[in-house]
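Structure first, then comments.
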Amino acid sequence: MLQGKTIVLGISGGIAAYKAATICSRLVQAGAQVRVVMTASATKFISPLTLQTLSRHPVYLDTFDEFDPSVVAHIDLADSADLMLIAPATANILGKMANGLADDMLSTTLLAATAPVIVAPAMNVHMYAHPAVERNMAVLAERGVRFVEPGTGLLACGYVGKGRLSEPEEIVLAVQQWFASKTELEGKSVVVTAGGTVERLDPVRFLTNDSSGKMGFAIAEAAANRGANVTLIAARTTAPQVEGFNVVHVESAEQMLEAVLERYDSADIVIKAAAVADYRPVVQASSKIKKNEERLTIELERTTDILKTLGERKSHQFLVGFAAETEQVERYAMDKLVRKNADLIVANDVSKDGAGFNVDTNVVQVFGAEGLVESLPMLHKREVADRLMSRIVQRMQARAAGEAAK
Ligand code: CTP
């Protein structure tokens, strides 16, 4: 499964460094080329000779270990990576990565690498829960770094709690799943909508909502990471631009409807993460509205429900909607699923801390025809997007297998 892949395994200095030998061995057995970088502290826990023998390559220890004069070692190593795996990752290396420090071979190689990064943290329970470490991990997650969460149990320092390096088998599985996911949606067209629509009153004023578009951008990125051909239809958004998919900019619900319908027949998956206005001004003044009267009444009319329209015209598409609620989440989510003929509804209680509009995290529950499918804890929107995409792929594969069996 890992044949032909080069994995740079970074080992930092915690007691769990001894487990890196098993990780290295399993990756090599699975066919990967493993190039190991160790920090000075890591060498206090495990001998570089062990890793050299298991990886069958020299181990990089110092930025100035230039084994091959025709290249610069840390750049060559960074460029060779299909994936950077840091296991175990100490609080120190997480801090350096988050802040862009490069004072040894591992941190310098990480800074020079453009390959994706998977990190398996391991440290004392209080260190793991320290606000500085939490912040660093949040910064890295925002940048697209993936985490294999530590386990809970007896730690080498004597504490019982969260911080134990995930088992080598789980880490290797995460690596294999990451490579497998790269092609899961190859040949599929995915349309994602994001942001809050803008309904104009006059040339300088409009009605909109608090949506930042971050959830939709994260979903588009997660789909593109799985090899899909992705179009993101974005209304008003403050999410940073991401490469890897086409972005079509629209303003109003009507423009969004048009842009989605244009692509609907050829789409395999449509995910409606946008916060679409339910009403728009009946009249859009062509010039700025002057303040002539003491009171001004603006008459609003319903917009078209895009998701419902898509649900009515659904043939082969997998349709996912969102439901932003402040109460009775399950009831309203299931009602939307049925009413709009969606395959999944991703619901969140926007009144909860860390959920909904304008924050980097979300707390969602995913509903399908059978009811609650998955309830996710508070996660970074990128992680929510990734888990949602896995769920969609799983359901589409099950559907395809069911059709093939008919
Ligand atoms: N939606 C849509 N077109 C609209 C309104 C909503 O496509 N005109 C989509 C949203 O993109 C989302 C889902 O419908 O995927 C649910 O949106 P939400 O605002 O929660 O639901 P509404 O149908 O507007 O219901 P209500 O406002 O009564 O809760």
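All values below come from the heavy atoms of this structure, side chains included, with hydrogens, waters and symmetry mates left out. Start at 1 and go down the list; that is how both ligands and their atoms are numbered.
Counting only heavy atoms of the protein, atom 16 (C) of ligand 1 lies nearest to Phe322 O, 2.7 Å. Shortest contact from atom 3 (N) of ligand 1 to any protein heavy atom: Ile306 N, 2.9 Å. The protein atom (non-hydrogen) at minimum distance from atom 20 (O) of ligand 1 is Lys336 NZ, 2.7 Å. Closest to atom 5 (C) of ligand 1, if we only count protein heavy atoms, is Asp278 OD1, 3.3 Å.
Of all atoms in ligand 1, listed by their number and element, those nearer than 4.0 Å to a heavy atom of Gly321 are 15 (O). Atoms of ligand 1 lying under 4.0 Å from any heavy atom of Ala323, numbered from 1 in the order shown and given with element: 20 (O). Less than 4.0 angstrom separates some heavy atom of Ala274 from each of these atoms of ligand 1: 10 (C), 11 (O). Counting the atoms of ligand 1 from 1 in the order shown, those under 4.0 Å from a heavy atom of Leu307 are 2 (C), 7 (O), 9 (C), 13 (C), 14 (O), 15 (O). Near Thr303, meaning under 4.0 Å from any of its heavy atoms, are these atoms of ligand 1: 8 (N).
Heavy atoms of Lys340 come nearer than 4.0 angstrom to ligand 1 in at least one pair. Ala253 does not count as a contact of ligand 1, since none of its heavy atoms falls under 4.0 Å from the ligand.
Counting heavy atoms from C-beta outward, Glu221 and Lys381 have side chains that stay 4.5 Å or more apart. Proximity of Val117 to Arg143: side-chain heavy atoms (C-beta onward) are nowhere separated by under 4.5 Å.
Checking side-chain atoms of Ser12 against main-chain N and O of Pro88 turns up a donor-acceptor pair under 3.5 Å. Looking only at distances, a side-chain donor or acceptor of Asn209 sits under 3.5 Å from a matching main-chain atom of Ser211. In this structure, the side chain of Asp343 engages the main chain of Leu319 through a donor-acceptor pair within 3.5 Å.
Shown here, atom 28 (O) of ligand 1 is out of close reach of the protein: none of its heavy atoms lies under 4.0 Å off.
Judged purely by distance below 3.5 Å, without hydrogens or angles, the side chains of Ser25 and Gln29 pair a donor atom with an acceptor atom. When only modelled atom types and interatomic distance are considered, Ser315 and Gln317 share a side-chain donor-acceptor pair under 3.5 Å. Side-chain contact check for Glu199 and Ser252: no donor-acceptor pair (N or O, by modelled atom type) lies under 3.5 Å.
The shortest N or O to N or O distance between Ala273 and ligand 1 is not under 3.5 Å. For the pair Thr304 and ligand 1, the shortest N or O to N or O distance falls below 3.5 Å. For ligand 1, one of its N or O atoms has an N or O atom of Lys272 under 3.5 Å away.
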**OP:** Starting from the C-alpha separation in whole Å, work towards a yes-or-no answer on salt bridge (Lys or Arg N to Asp or Glu O under 4.0 Å) for Lys290 and Asp202.
**Re:** CA-CA 10 Å; Lys290 293 308 235 178; Asp202 71 11; over 6 Å; no
**OP:** Check the pair Arg200 / Glu254 against salt bridge (Lys or Arg N to Asp or Glu O under 4.0 Å), numbers first and verdict last.
**Re:** CA-CA 12 Å; Arg200 294 218 164 256; Glu254 228 41 49; over 6 Å; no
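For Ala277, every heavy-atom contact with ligand 1 shorter than 4.0 Å involves the backbone, none the side chain.
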